[in-house]
2 protein chains.
Amino acid sequence: MNMTDLARTPKQIGSLIRRTRKNLGWSQTQLGEKAGLRQETVSLIETGKPATKLETLLAILAALNLEFRIARRSKGQASDIEELF
Amino acid sequence: MNMTDLARTPKQIGSLIRRTRKNLGWSQTQLGEKAGLRQETVSLIETGKPATKLETLLAILAALNLEFRIARRSKGQASDIEELF
DNA sequence: TTATTTTATGCGCTATATCTAATATTGACA
DNA sequence: TGTCAATATTAGATATAGCGCATAAAATAA
């Protein structure tokens with residue numbers, strides 16, 4: 001993954017989670033165990049369920065050694081540098 | 001806010017949302033209108049409710065012109081640069 | 001192919017997020 | 001100090017997340 005991966009939608013978030021999990025060679029069940037979730041729940045989130053609970057998502061990210069960052073919206077990486085407000 | 005603000009917990013996320021909203025000079029009601037949510041819901045999220053739904057959070061971030069990024073966990077900004085997997 | 005693992009989907013259940021609506025509390029400012 | 005806007009809180013209703021458990025479907029390996 002990139003330094004920070006843009007994940008604007010639940011589907012993008014799910015894809016990123018799946019990609020990271022596979023890079024680690026883990027199954028959904030293994031990830032679920034580490035995150036305290038069921039395999040089915042991991043499946044739904046990777047598929048891009050929009051109504052996932054924040055705490056559930058955070059548990060998965062933590063298990064994958066990932067974290068949130070929040071940034072100003074930008075079409076490209078460049079505007080990351082601007083300070084708009 | 002910084003280029004990308006770390007928001008590891010619901011409380012941190014809520015604080016960041018509140019700070020951004022105030023910088024824009026918006027009330028919770030105004031933000032709620034733009035995000036399709038009620039003032040009370042905005043209040044709960046800014047307070048750091050952990051079980052907020054992802055779609056709700058995304059609606060608020062979008063209204064504030066913010067977005068997610070997902071990054072590898074790091075104690076400081078530095079490890080952002082590493083490519084671990 | 002067949003066997004095995006992995007992922008997706010189904011039902012019933014409990015917990016809870018957000019809603020509508022009202023109200024209490026807090027904060028800002030004259 | 002008082003008035004008004006902003007925020008927090010409450011109560012009831014609706015929708016749905018994630019659970020347990022089971023199983024189907026899909027992918028992978030032998």
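Below, chains carry the letters A, B, ... as their sequence lines are ordered, and counting in each starts from 1.
We find that CD1 of A:I45 is positioned 17 Å from P of D:dT16, with the value rounded to whole Å. One atom, NZ of B:K49, and another, C1' of D:dT10, lie 13 Å apart when rounded to the nearest Å. The interatomic distance linking A:L44 (CG) with C:dT7 (P) rounds to 13 Å, in whole Å. Here the P atom of nucleotide D:dA17 and the CG atom of A:L58 are 17 Å apart, to the nearest Å. When the C1' atom of C:dA15 is taken as reference, atom NZ of B:K53 falls 14 Å away, rounded to whole Å. Note: CD1 (B:I60) to C1' (C:dA17) measures 12 Å, nearest angstrom. Between A:E33 atom CD and C:dT7 atom C1' the separation is 15 Å, expressed in whole Å. Between the CD atom of B:E46 and the P atom of C:dT18 there is a distance of 13 Å, rounded to whole Å.
Criterion: ILVMFWY side-chain heavy atoms under 4.5 Å apart, direct or through other members. Under it, A:I60 and A:L44 are not part of a common hydrophobic cluster.
Of the possible polar contacts, none joining the B:S43 side chain to the B:Q39 backbone as a donor-acceptor pair under 3.5 Å is found.
Considering all non-hydrogen atoms of both residues, B:T52 and B:L57 come closest at CG2-N, 4.3 Å. In this structure, A:Q30 and A:G25 approach most closely via the heavy-atom pair OE1-O, 3.8 Å. In terms of heavy-atom proximity, A:R21 sits nearest to A:W26 at NH1-O, 2.8 Å. The minimum heavy-atom distance linking A:L58 with B:P10 is given by the pair CD1-CD, 3.6 Å. Summarising the geometry of B:L31 relative to B:E46, their closest heavy-atom pair is CD2-OE2, 4.4 Å, with the distance given to 0.1 Å. The minimum heavy-atom distance between A:R73 and B:L66, with the atom names listed, is CG-O, 3.3 Å.
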Heavy-atom protein contacts under 4.0 Å, nucleotides 19-26 of chain D, coded B base, S sugar-phosphate only, - none: BBBB----
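At least one side-chain nitrogen or oxygen of B:S43 sits closer than 4.0 Å to the OP1 or OP2 atom of D:dA8.
In this structure, the separation between CG on B:N65 and NZ on B:K34 is 11.5 Å, given to the nearest 0.5 Å. In this structure, the separation between CD on A:Q28 and NZ on A:K22 is 8.0 Å, given to the nearest 0.5 Å. Note that the CD atom of A:Q12 and the CG atom of A:L16 stand 9.5 Å from one another [nearest 0.5 Å].
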Between protein and nucleic acid, restricted to nucleotides 27-30 of chain D and to nitrogen or oxygen atoms under 3.5 Å apart, what atom pairs and distances do you find?
none

Pick out the pairs of N or O atoms, protein on one side and nucleotides 2-6 of chain D on the other, that lie under 3.5 Å.
none

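Mapping A:W26 and B:L54 onto DNA chain C by nearest heavy atom places A:W26 at the nucleotide closer to the 5' end.
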